[in-house]
Structure formats: C-alpha cells, structure tokens
Amino acid sequence: MSEKRTHRLGIIMNGVTGRMGTNQHLFRSILAIRNQGDVRVSEGEVIMPDPILVGRNPAKLEDLAIRAGLEKWTTSLEDALSDTDNKIYFDSQTTSLRVDSTLKAIDAGKHVYLEKPVASTTEEAIRLYRAASAAGIKHGVVQDKLWLPGIRKLKTLIDSGFFGRILSIRGEFGYWVFEGETVAAQRPSWNYRKEDGGGIILDMFPHWRYLLDQLFGQVKGVSCLAATHIERRWDEKGKPYECTAEDSAYSTFLLEGGVVAHFNSSWVVRVRRDDLLTLQVDGTEGTAVAGLRECLIQPRGATPKPIWNPDIERSISYFDHWIPVPPLHEYDNAFKAQWELFLRHVVLDEPFPWDVYEGAKGVQLAEKGLESWQQRRWIDVPVLNR
Ligand SMILES: NC(=O)c1ccc[n+]([C@@H]2O[C@H](COP(=O)([O-])OP(=O)(O)OC[C@H]3O[C@@H](n4cnc5c(N)ncnc54)[C@H](O)[C@@H]3O)[C@@H](O)[C@H]2O)c1
C-alpha cells in the first residue's frame, strides 16, 4: 500500500473559548475536518489541521481541550507564535483585540485567517491588509454566509439568469435577543457596549457587504438609521449594564448598476418570516426568497395578480405560488466549507479571493453606515485604496 502524504498544519486558534470559536470553528470546522479524515487534496495526499488553543483563562482552555480531545493549549500567544510547526494564526477574539494579535502573527510569518469584522475601523483594517501583503503571507476573512445552502441556491439562480434584470433586494435579519434578566441572553454582552466593540452595524454590515458585492454588484452608497431600542440588559454574571451600542439598523444600499438593497438588521424583533435571515430578490422575470437553507422562487409565469380590496376576504394566499429550489449539491457547514478552501489555499496555492482587503471593505461599509446615521444623510462608499 502506498504511503499517504500528509501536510500537517499547525493552527493557532485564538479566542476559541468564545461562542464562534468553540462551536463554528473548532467543533464544526477543524474537528469535523479531522473526523472526516482530513482535507483530501489528491489520491494519497491530505491536509491535516493540528490546532493549538489559545486564550486567557487556563481552566476554560483545559476544559475545552478535553472536550475536543486535543492536547495542545496555551495562554501565551508568543509561545504559540514561536513554534515553527504552527503555520496559521486564526482569530475569533472579540473584535477590538483582533488587530494587535494578528499583527504579531504576521510579524512571526504566519498565514492569518480572521473572523469578521477584521478590525473596528477601516484604517486599522487596511493597516492589517498592508502588513499581510508586505509580509507575503496568505490571508483570509470569514465570509460564511456565502456558503449557506440558501445563498448558494440563490447564487445558482443569479448565474443562470433566472431573474432577468435584478431590481431590488430586501434583507430581513434578526430575532429577539433576551435581555438576560429572567431569560439568559443568546449573545455576549459586549455586543451591546460600544466601548467594547459592540453594535449591530459593525457586526452585520460586513456580512451585507460581501453578500452584496459578490452576488449583486459593488456597494456605492448607504443611508442608515439605527437605534438602541433596549437601554438596559443583564450580562453573563447577571449584572445589569447600560447598552451603549445600537441594537438595530435600518439601512438602504445603492449598488453599481442601480440595484437597490434594503436591509433591516435587528436584535429586538420577533420572527414572523421564513428564517432568521431572508433575502428577497425581485427581478423582471422572477423573484426568489432565500433563507439559511431554503430558497423559494416565483417565476413571472406563475405570478398571481393581486388586487387591492380590503372590503373582501383575501382571494389569494400569498404564501402559495412559491416553488422550492431543490438541493443541487451537498451542502457542508458554511464555516467548514470556507476553512477547507483556506487550507487548500495555504498548501496548494489555490485562489482564495476572500482576503483581508475584502474584509476591510466590510468594515468600511459599517463605518459609512455609522457616518450616515450620525450625519443624517446619504453617504457615498468610494473604492477603498489598497
Ligand atoms: N461569522 C459570523 O457569523 C460571526 C457571528 C458572531 C460573531 N462573529 C465574530 O466573532 C468574534 C467573536 O464573537 P463571539 O460571539 O464568539 O464572542 P464571545 O464573547 O463569545 O467570544 C470572544 C472570545 O474573545 C476572548 N476575549 C479575549 N479578551 C476578551 C475581553 N476583554 N472581553 C471579552 N472577550 C475576550 C474570549 O475569551 C472569547 O474566547 C467577534 O469578532 C464577532 O464579530 C462572527
């Protein structure tokens, strides 16, 4: 039997005891890849991720390592960076800590893969991009929504010309995040504190940026009104705190070519729609509504003709007349799918367009959204200098 060639890749996972780090990146991506028998590159050749967990709290790290069946963890980022077997630095710390740690990793010659937003300001994000480019390392940013089954179905529709001319996009994102007093909150408390890098604009606009840019056309302008609807919440220790960051944003984006996209992003909305994120795309030849996994279409030829008349009972059930797009591929976990592409990029030099520059564009849109809200006006989104 021929020997299997294994590319063992040491991966420093910083911030991995957090919600995203543990669930999406460690268990559902890196461990899932190890459990499936690594990333198969060719007959007899595989990539084997070999993680070391990094964080501040030794007890949490040890507990997580045991749960994950891993041996390596440390509270010293410097030690992890000095080990030449570690080739990749991954960061899912809270956003405000990302830049400093990543710059250290770049200095140490590591490839870097980062959660979004890559930084809290465009200036910092571009500084990170320039440092990564100058060092000649490989870099990437999490853009997980692109690999959601619902979004992949939508992309197939766009590529096949289903819509005719695309007119507009309606994005509805959100759900009720409990305040934490009687029912524990589903999100970390720093999300609601501006001074800790919180706010739904910085959290969600990076997602809207890559979805819009890559599916429909570059974002050219933004108008945004946001609010902190709930002013007091209870943190992880049950202590009340004041919310200093916005918990909802109502925004309109203008795309190149004139397509209009309106997104409501909210942590203070109750769900009565198909999914926690729905994207409705209206085109001259048909409409689609994509959720996380499903995508429904209504082509021109099956479009009912509504007539406004509140004096009689509704004659059309508007939720009928929609056709589900069947699955066309196997859909893996979205984070894992992107991780596999990044690992292939590092080992095989395959293309990976989702880099820190693209991540910086997401931060730019958040910044312009905040500017629009503060200045109460429409703001242009210029091409970002590299
Ligand atoms: N791709 C996505 O869909 C997605 C979704 C949610 C969050 N995120 C991003 O992932 C990152 C982590 O978010 P999360 O929801 O996992 O947060 P979290 O609070 O659950 O985890 C944060 C991590 O950073 C560490 N940390 C270090 N110093 C800290 C400090 N001073 N205060 C708080 N935490 C500190 C924590 O120990 C923890 O490991 C954020 O940048 C966030 O924007 C991405």
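One-based numbering, in listed order, for ligands and for the atoms of each.
Counting heavy atoms closer than 4.0 Å to ligand 1, residue L97 contributes side-chain atoms (C-beta onward) but none from N, CA, C or O. Looking at Q24 against ligand 1, nothing comes within 4.0 Å, counting heavy atoms. Proximity of D203 to ligand 1, defined as any heavy-atom pair under 4.0 Å, is confined to the side chain (atoms from C-beta onward). Here T94 has heavy atoms under 4.0 Å from ligand 1 in both its backbone and its side chain. The parts of R19 lying near ligand 1 are both backbone and side chain, judged by heavy-atom distances below 4.0 Å.
Remark: distances from the non-hydrogen atoms of K145 to ligand 1 include one below 4.0 Å. For the pair H207 and ligand 1, a heavy-atom separation below 4.0 Å is found. Heavy atoms of G55 stay at 4.0 angstrom or farther from ligand 1.
The shortest N or O to N or O distance between P188 and ligand 1 is not under 3.5 Å. In terms of N/O distances under 3.5 Å, ligand 1 is approached by G18. Checking only distances, S92 never comes within under 3.5 Å of ligand 1, N or O to N or O. Here's the thing with R187: none of its N/O atoms is less than 3.5 angstrom from an N/O atom of ligand 1. Distances between N or O atoms of F335 and those of ligand 1 include no value under 3.5 Å.
Heavy-atom contacts from other residues, nucleotides or ligands closer than 6.0 Å to CZ of R67 number more than 12. Residue K220 qualifies as enclosed at atom NZ: its count of foreign heavy atoms under 6.0 Å is above 12. For E123, the CD atom is loosely surrounded, since the number of other residues' heavy atoms within 6.0 Å does not exceed 12. A 6.0 Å sphere centred on CD of Q375 holds more than 12 heavy atoms belonging to other residues, nucleotides or ligands.
Within the 3.5 Å criterion, the main-chain N or O of N14 finds no donor-acceptor partner in the side chain of Q93.
Scanning the protein for heavy atoms near atom 14 (P) of ligand 1, the closest one is M20 CG, 4.0 Å. Atom 41 (O) of ligand 1 has its closest protein heavy atom at R98 NH2, 2.6 Å. Of the protein's heavy atoms, R56 NH2, 4.1 Å lies nearest to atom 25 (C) of ligand 1. Here the heavy atom of the protein found nearest to atom 13 (O) of ligand 1 is W190 CZ2, 3.7 Å. Protein heavy atom in closest approach to atom 11 (C) of ligand 1: Q93 O, 3.4 Å. Looking at atom 1 (N) of ligand 1, its nearest protein heavy atom turns out to be D144 OD1, 2.9 Å.
Contacts of R40 classified as side chain to side chain donor-acceptor pair (under 3.5 Å), with partners at least two apart in sequence or in another chain: E43.
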Chi angles and distances behind the side-chain contact (heavy atoms from CB on, under 4.5 Å) call for I126, R130: CA-CA 6 Å; I126 279 295; R130 289 183 185 145; 3.1 Å; yes
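Atom 43 (O) of ligand 1 has its nearest heavy-atom neighbour, among K116, E115, Q143, in K116.
Set against the non-hydrogen atoms of T95, the atoms of ligand 1 under 4.0 Å away are 40 (C), 41 (O), 43 (O). Using a 4.0 Å cut-off to heavy atoms of P117, the atoms of ligand 1 that qualify are 43 (O).
For residues 296-313, the set of pairs meeting the side-chain hydrogen bond (donor to acceptor under 3.5 Å, both in side chains) definition, not counting sequence neighbours, comprises E285-R300.
A centroid separation of 6.0 Å or more is found between the aromatic rings of W354 and F342. In summary, the aromatic rings of Y129 and H139 are positioned with their centroids under 6.0 Å apart.
Y331 does not carry R293 over the face of its six-membered ring by the limits of under 6.0 Å from the centre and within 45° of the normal.
Residues S248 and H229 bring a donor and an acceptor atom of their side chains to less than 3.5 Å of each other.
Using a 4.0 Å cut-off between charged nitrogen and carboxylate oxygen, D235 and K239 do not count as a salt-bridge pair.
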